[in-house]
Amino acid sequence: MKPTIFLPLLLAGAAIASPAAAQTASRTVIHAGHLLAEPGKPARGASTIVVENGRIVSVADGYQPAEPGATLIDLRDKYVLPGLIDSHVHLTSDAGGIAGQLEDVTLSPAAQAFNAEANGMKTLRAGFTTVRNLGDGDGATLALRDAIAAGKVQGPRIVDAGASISGSAGHMDGSLGYRDELRPFFAGAGNTCNGADDCRRAVRLQIGRGADVIKFASTGGVNSRIGAGLGKQMFDDEAQAIVDTAHMFGKKVAVHAHGADGIRLALAAGVDSVEHGTILDEATIAAWAKSKAYYVPTLSTVNGYKERIAANANAYEPDVLAKIQWRIGITGQSLEKLVPRGVRIAFGTDAGVSKHGRNADEFELLVEHGMTPAAALQAATVNAADLLGLSNEIGTIAPGKSADIIAVASDPVADVRVLKTVDFVMARGSVVD
């Protein structure tokens with residue numbers, strides 16, 4: 001059942017309003033049947049949330065009356081919670097394998113920008129009101145971020161990394177897999193580096209483009225067209241130069257890392273989050289448990305792999321397919337080892353490898369591999385907000401914060417699968433159609 005939105009008249013009576021009409025009212029009052037204002041803590045019962053100018057004004061127990069002229073949104077039969085956060089997406093594409101590589105040479109930056117807008121809306125309608133976009137070479141998502149913030153288009157709040165960084169021949173080298181005479185063209189983004197000084201340059205380039213966060217690869221990757229494995233592919237001084245430069249500019253650092261040696265390298269350098277974290281040994285687990293770095297598991301990548309292979313057995317090149325089959329078989333094992341050791345978890349899907357709009361599939365996998373539903377929900381709200389440096393803005397429903405609010409039919413702490421069907425989305429005070 002969808003929520004009922006009322007636009008009270010100054011005269012007696014009320015009329016049902018469209019979402020667009022709801023956005024025009026100066027004040028919105030939400031009646032919530034159950035309110036998970038701060039995931040990780042018990043839900044409140046009947047509650048009233050008042051929203052004005054895109055921000056939460058107050059949260060009160062019971063159903064408080066709406067003042068004349070305010071919009072009333074009836075969610076009394078719903079569980080209401082903060083907008084969800086996906087800490088690892090790639091908005092410009094929903095393709096993969098050979099199809100994704102073909103897009104690289106056929107789609108213009110303008111076409112990729114339209115893809116990003118469409119994928120952003122799929123994500124927003126799924127209840128994810130904030131995303132961290134970890135890789136876009138042409139700047140489409142940087143532009144989309146600014147357009148959304150300016151209110152020109154609708155979409156999730158975007159924290160953007162610009163182009164991801166790696167050593168040449170590393171996972172983020174865009175020239176991998178192309179003919180020799182074409183490689184200089186694809187390597188021209190300036191995001192690869194060799195040596196500490198060059199890696200400082202690569203970070204400064206992305207910061208100059210307006211990146212909010214820096215991402216680099218310390219190891220090989222599953223999808224990259226190179227048979228160099230998934231171990232460390234960057235020297236210690238290169239990784240340290242990336243982290244130190246980013247932190248000097250006040251930017252957090254995410255690292256793509258599969259192999260244990262590359263994870264330890266990144267942790268020693270002081271990264272803020274490790275993405276994927278697939279291969280672990282005891283030394284790596286111990287180092288991680290002592291650090292403050294978040295783990296972003298991206299387990300639902302396997303769903304994207306399985307679906308593409310089922311639709312087309314030749315969707316991936318043989319050298320990539322072998323790594324994919326390995327990744328499917330090992331998925332979740334790292335999470336099972338890290339949760340008992342107290343490593344902090346932030347929700348992230350790698351959507352683009354998995355399907356945009358299906359971000360909530362990750363919850364089921366997190367629970368399957370060792371997290372409680374409450375902890376999984378906290379990872380997608382409170383923890384992810386902390387990782388993104390936005391705890392004062394998002395992650396909970398509280399006065400002064402952005403009015404990023406969603407509603408589902410039943411208690412997500414009892415069954416996280418309910419988050420796959422979101423009944424109501426408000427982003428920065430605007431109801432999403």
Side-chain angles (χ1 to χ4, degrees), residues 83-94 104 107 109-124 128-166 171-172 174 189-192 202-217 242-243 245-256 271-275 294 296 298 346-353 356 359 380 384-391 393-395 402 404 427-428:
L84 302 173
I85 305 164
D86 192 330
S87 301
H88 192 135
V89 302
H90 300 279
L91 290 176
T92 53
S93 179
D94 222 352
D104 289 342
L107 292 187
Q112 291 181 351
F114 278 108
N115 272 352
E117 192 276 337
N119 290 329
M121 285 307 300
K122 291 177 187 177
T123 305
L124 181 59
F128 289 81
T129 54
T130 299
V131 299
R132 187 176 61 158
N133 193 79
L134 289 183
D136 164 26
D138 290 315
T141 52
L142 287 167
L144 179 62
R145 174 200 64 188
D146 295 343
I148 291 169
K152 295 178 181 178
V153 297
Q154 199 171 41
R157 177 187 291 99
I158 298 174
V159 175
D160 202 271
S164 302
I165 297 167
S166 76
H171 180 55
M172 305 302 174
N191 65 311
T192 56
V203 173
R204 290 173 186 267
L205 174 63
Q206 298 313 315
I207 291 172
R209 297 177 70 216
D212 304 301
V213 61
I214 296 299
K215 181 195 175 188
F216 76 100
I242 290 172
V243 174
T245 306
H247 285 173
M248 181 178 70
F249 279 92
K251 308 296 183 183
K252 292 194 175 187
V253 182
V255 64
H256 159 108
V271 298
D272 300 285
S273 69
V274 176
E275 319 296 306
Y294 275 96
V296 182
T298 67
F347 185 102
T349 63
D350 210 357
V353 179
H356 294 290
N359 310 63
D386 180 56
L387 170 59
L388 272 55
L390 293 174
S391 292
E393 187 75 5
I394 58 175
S402 178
D404 294 350
R428 297 171 296 284

Check: [X] side chain, [Y] main-chain N or O, donor-acceptor pair, under 3.5 Å:
| X | Y | value |
| --- | --- | --- |
| R157 | T130 | no |
| D160 | D212 | no |
| K215 | L134 | yes |
| S87 | F347 | yes |
| H356 | S93 | yes |

Legend entry - Sole candidate of V89, V296, I85, I158 that passes side-chain contact (heavy atoms from CB on, under 4.5 Å) when paired with R132: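 Option passing the side-chain contact (heavy atoms from CB on, under 4.5 Å) with R132: V296.
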
Inset, instruction - Might you work through the side-chain contact (heavy atoms from CB on, under 4.5 Å) test for R428 and D404, ending with a clear yes or no? - result: CA-CA 5 Å; R428 297 171 296 284; D404 294 350; 3.6 Å; yes

Legend entry - F114, CZ atom: more than 12 neighbouring heavy atoms under 6.0 Å: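 At most 12 heavy atoms, drawn from other residues, nucleotides or ligands, come within 6.0 Å of this atom.
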
For [X] and [Y], work out which heavy atoms get closest and say how close.
| X | Y | value |
| --- | --- | --- |
| L142 | G210 | CD2-O, 3.9 Å |
| A346 | L387 | CB-CD2, 3.7 Å |
| I394 | A385 | O-CB, 3.5 Å |
| D86 | N359 | OD2-ND2, 2.8 Å |
| G135 | S164 | CA-OG, 3.5 Å |
| A254 | E275 | CB-OE2, 3.6 Å |

Look up atom [atom1] in [X] and atom [atom2] in [Y], then write down how far apart they are to the nearest 0.5 Å.
| X | Y | atom1 | atom2 | value |
| --- | --- | --- | --- | --- |
| T298 | H88 | OG1 | NE2 | 6.5 Å |
| M121 | I148 | CE | CD1 | 8.5 Å |
| L124 | E117 | CG | CD | 10.0 Å |
| I165 | T192 | CD1 | OG1 | 9.5 Å |
| D94 | K122 | CG | NZ | 4.5 Å |

Legend entry - Residues D136 and T141: side-chain donor-acceptor under 3.5 angstrom: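 Checked: D136/T141 side chains pair up, N/O donor to acceptor below 3.5 Å.
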
Legend entry - Candidate pair D138 and T92, rule side-chain contact (heavy atoms from CB on, under 4.5 Å), full reasoning: CA-CA 10 Å; D138 290 315; T92 53; over 6 Å; no

Inset, instruction - Start with the C-alpha gap between V159 and L390, add the side-chain angles, then the distance that decides, and say whether side-chain contact (heavy atoms from CB on, under 4.5 Å) holds. - result: CA-CA 10 Å; V159 175; L390 293 174; 3.9 Å; yes

Legend entry - Qualifying side chain to side chain donor-acceptor pair (under 3.5 Å) pairs with a residue from residues 245-254, counting only residues at least two apart or across chains: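 As it turns out, the side chain to side chain donor-acceptor pair (under 3.5 Å) pairs with a partner in residues 245-254, which skip direct neighbours, are H247-D272.
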
Inset, instruction - Please test I207 against I214 for side-chain contact (heavy atoms from CB on, under 4.5 Å), starting from the C-alpha separation and ending with a verdict. - result: CA-CA 8 Å; I207 291 172; I214 296 299; 4.1 Å; yes

Legend entry - With sequence neighbours excluded, residues passing salt bridge (charged side-chain N to carboxylate O under 4.0 Å, His left out) with D386: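 Scan of D386 (salt bridge (charged side-chain N to carboxylate O under 4.0 Å, His left out), adjacent residues dropped) gives R344.
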
